[in-house]
Protein chains: 4
Amino acid sequence: MALTTEQRVRRAAVKLFAAKGFHGTGIRDLAQAAKISSASLYHYMGTKEDLLVDIMRECLDRLLLAARRALDTVDDPADALSALVTLHVMAHAAQPDETRVVDNEVSALSRAPRRRIVALRDQYEAIWADTIDKGVSAGVFDAPEPAVTRLALLEMCTGVARWYSPRGPLPLDRLAARYAQLALRMLGSPALLGGDGAERAREVAAEVWRIRP
Amino acid sequence: MALTTEQRVRRAAVKLFAAKGFHGTGIRDLAQAAKISSASLYHYMGTKEDLLVDIMRECLDRLLLAARRALDTVDDPADALSALVTLHVMAHAAQPDETRVVDNEVSALSRAPRRRIVALRDQYEAIWADTIDKGVSAGVFDAPEPAVTRLALLEMCTGVARWYSPRGPLPLDRLAARYAQLALRMLGSPALLGGDGAERAREVAAEVWRIRP
Amino acid sequence: MALTTEQRVRRAAVKLFAAKGFHGTGIRDLAQAAKISSASLYHYMGTKEDLLVDIMRECLDRLLLAARRALDTVDDPADALSALVTLHVMAHAAQPDETRVVDNEVSALSRAPRRRIVALRDQYEAIWADTIDKGVSAGVFDAPEPAVTRLALLEMCTGVARWYSPRGPLPLDRLAARYAQLALRMLGSPALLGGDGAERAREVAAEVWRIRP
Amino acid sequence: MALTTEQRVRRAAVKLFAAKGFHGTGIRDLAQAAKISSASLYHYMGTKEDLLVDIMRECLDRLLLAARRALDTVDDPADALSALVTLHVMAHAAQPDETRVVDNEVSALSRAPRRRIVALRDQYEAIWADTIDKGVSAGVFDAPEPAVTRLALLEMCTGVARWYSPRGPLPLDRLAARYAQLALRMLGSPALLGGDGAERAREVAAEVWRIRP
DNA sequence: GATGAATGAGGTTTCATTCAT
DNA sequence: AATGAATGAAACCTCATTCAT
């Protein structure tokens, strides 16, 4: 089935914003990639910035939704962290363009939308902080500076969007498992192979992003 | 002592490119930040892109130099990795603007300079790959997919430039030590406190960037 | 009937390039003369140079077309030369701006378009060379250095664009006839009044440039 | 003997103005060609326009001087015209850059200097007009529209600067003689080989421009 | 729903020129 | 005599956006 014009616009924007940055992408680039005239673009979006905000919000909304759903049914901190890492890595590997836009283009937003986007990001990171804190409190994680560890973990996982290619030799689930292992090592937690956090994360990823690893 | 105009230009560029991106920074922004007219900018640079290239090259040159110097006197793989992580983290924490420019603005370069910059970056990453491979061969590191581990490590350490603030509670050397510990954990290597890799790295950092933690 | 915007742009460019030269004419001058904003100019042209190239090419194309058509039905060398001179003079007198642009602004072109324009000009001059050679071979023309004579003839006729005014006392056909006479004298050929070369040239001029003397 | 800086500036200007036009030549082009800094240029000239005016005036002054001197000792109209053509052609062939600047860049002048330059040019052309008129009055020349003939002659001779190369096969005196013959033919006057107009012109040219054919 | 035409504002870069050293 | 530093103005061109059709 063919793509809607609106979808073409969205995808063009995601691809171009990821590749050349928001300021590096012109309205005409977008129009050309979406195969419509630049005037017609304005039937499918507000301003260029609105388009960026939409992309970012949807991406973050899904990430938040996924994290919350996954943690809903998981209690053990190591399992929970596994789930978070798995989700984050899968999302960033499967949607590198969207996530890179979220990560790199916040500075292109004007004040009001930036506040909103940053608030979403903060909510998401709070979930990670929470999970780590619980693990530390429970004595399962060893993290002398939990905030540092959280940021190290997040940057490590986010970085996947900058280099992972689905055409490479490593399948998505192997990648995610590898990262979960790395994360637990960082937290001084014995790697629990087959913990059901990762399993739950894969289910959620399938629901939220229709990812089939 | 007052800053040279050339230095003011360079610093303005680094700060603005880091904060708003290359395409988000106008010539007039640069001129205003450097306190000269926009025409005068062109006494101190070629094009705006040349300025970007200069910044990137110098930053990468120093990173390469530092890595090579540090590894010159270090043999043990765990020590070597400690040294690399320490250097990388210190550089990114102490010069977050420069390093963010290097990391984020490669796509703003036109073909020829991009090739040159990417070549430098590849040389640098090859040093990490080498170090990890040696550790794996020596049985000191456990890294089933060494390339993945390398990228995870690099992204984790590079991420420091995105959040670390020298005004925060964590001093630079504590931060670096923490990251070295995380890195060794990721490689399944027992944390060697007081290994002289980190020590050597601090010396080199002092020479290359005049960082005094 | 009113002029198209595109036509206004073209005419403004021809007039200004002729009067002040390509480099002496600014985009704003063009816009003002065409009665649109300078940004709007770019809907009707590529770069300023593209506009120049278009003007030159069209002018030369027509000149070539006219020369070929006229010589198609003329055999006698004196008649042929009469036709060439008549056409050239009529074109330069009726379209002094276009032809002055062609003559004066070749040096403003960058390499690739210059090659193309010069090639056209060379084709045109080859027709003159051919005609002169034939007359010399036939013993009708006396031209010890045919190349010199050709250049002298061309410069003489081209010069018309630099001084002729349709508001002056001399009507176009009288001017052309005068020049044909001068040309034949230069070639030592008895002036043939009423030779049908000039007649044919007038027909072609009417077709190609809609000139009605 | 080496050239004065002032001479280098003058020659650079002549060459560049001829090749790329006044507006197409930048101050930095001039400085580079004269091998001094662009600031230093201003020790040797007023404004860029002043430099242009100087070049034009000197060129026209010499042409006027030469024409007057030559005609001083020549009476016969055919001889006089021979002299004028010879001088003009020699000047334009030997100093193509100067004369092309005079011919092409008048429109680059602002009002006041333009008036002065045009006045000089008019004086010079008046000499030609005078000479032709005398010949017509004397029944030596056949020129139904003397003004047209004058302009045709001038354009033909001036055109030499656009194509003649001293490296070509035709020596300067042969070229001049050829043009004198063409001119007399145009005027319906029997070619007088060896008339002393041309001889006198060659003497004057040697004095005024140090041309040795 | 789609677009050609249009534009004010702003993009980067170059202009001719001045001046302190 | 010579120039590096400096600049306001202007160069060409592209920007995101609007609107009548």
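Any value given below was found using the heavy atoms of this structure, including those in side chains, with hydrogens, waters and symmetry copies removed.
In the region residues 106-116 of chain C, proximity to DNA chain F at under 4.0 angstrom, judged on heavy atoms, holds for none of the residues. Residues of residues 8-15 of chain B having a heavy atom closer than 4.0 Å to DNA chain F: none are found.
Here the NZ atom belonging to B:Lys15 is positioned 14.0 Å from the CG atom belonging to B:Asp29, to the nearest 0.5 angstrom. Rounding to the nearest 0.5 angstrom, the gap separating the CD atom in C:Glu6 from the CZ atom in C:Arg11 is 12.0 Å. Residue D:Leu63 holds its CG atom at 4.0 Å from OH of D:Tyr124, rounded to the nearest 0.5 Å. Separation of atoms CD (D:Gln32) and CD1 (D:Ile27) is listed at 13.0 Å; rounding is to 0.5 Å. Interatomic distance, CG of A:Leu52 versus OG1 of A:Thr25, reported as 10.0 Å (0.5 Å rounding). Note that SG of C:Cys59 and CH2 of C:Trp209 are 8.0 Å apart. Values are rounded to the nearest 0.5 Å.
At whole-Å resolution of the value, CG in B:Leu3 and P in F:dA5 are 16 Å apart. The distance from atom CG of B:Asp50 to atom P of E:dT14 is 10 Å, rounded to the nearest whole Å. Atom NE2 in B:His23 sits roughly 13 Å away from atom C1' in F:dT14 (whole-Å rounding). Counting to the nearest Å, the P atom of F:dC12 and the CG atom of C:Leu52 are 13 Å from each other. Between A:Leu51 atom CG and F:dT17 atom C1' the separation is 14 Å, expressed in whole Å.
For DNA chain E, runs of at least 3 consecutive pairs of the Watson-Crick or G-U wobble type, with both hydrogen-bonding distances under 3.5 angstrom, map to E:2-21 with F:2-21.
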At a cut-off of 3.5 Å, list every protein nitrogen or oxygen paired with a nitrogen or oxygen from nucleotides 7-11 of chain E, distance to 0.1 Å.
unit_1, atom_1, unit_2, atom_2, d
E:dT7, OP2, C:Ser37, N, 3.1
E:dT7, OP2, C:Ser37, OG, 3.4
E:dT7, OP2, C:Ser40, OG, 2.6
E:dG11, OP2, B:Arg28, NH1, 3.0

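For residues 96-106 of chain B, there are no side-chain hydrogen bond (donor to acceptor under 3.5 Å, both in side chains) pairs, not counting sequence neighbours. Applying the side-chain hydrogen bond (donor to acceptor under 3.5 Å, both in side chains) test to residues at least two apart or on different chains, the pairs with a partner in residues 39-61 of chain A are A:Arg10-A:Glu58, A:Ser37-A:Ser40, A:Thr47-A:Asp50, A:Glu49-A:Ser110, A:Glu58-A:Arg62.
Proximity of A:Arg8 to A:Ile36: side-chain heavy atoms (C-beta onward) are separated by under 4.5 Å at one or more points. Under the 4.5 Å side-chain criterion, counting only non-hydrogen atoms from C-beta, A:Val106 is in contact with A:Arg121. Inter-residue side-chain proximity for C:Lys35 and C:Thr5 is flagged as unmet; no heavy-atom pair is nearer than 4.5 Å. Using a 4.5 Å heavy-atom threshold, the side chains of C:Leu30 and C:Leu51 count as touching.
Of the possible polar contacts, none joining the C:Asp122 side chain to the C:Ala119 backbone as a donor-acceptor pair under 3.5 Å is found.
When the nucleotides E:dT17, E:dT13, F:dA2 are ranked by their closest atom to the side chain of B:Tyr42, E:dT13 comes out on top.
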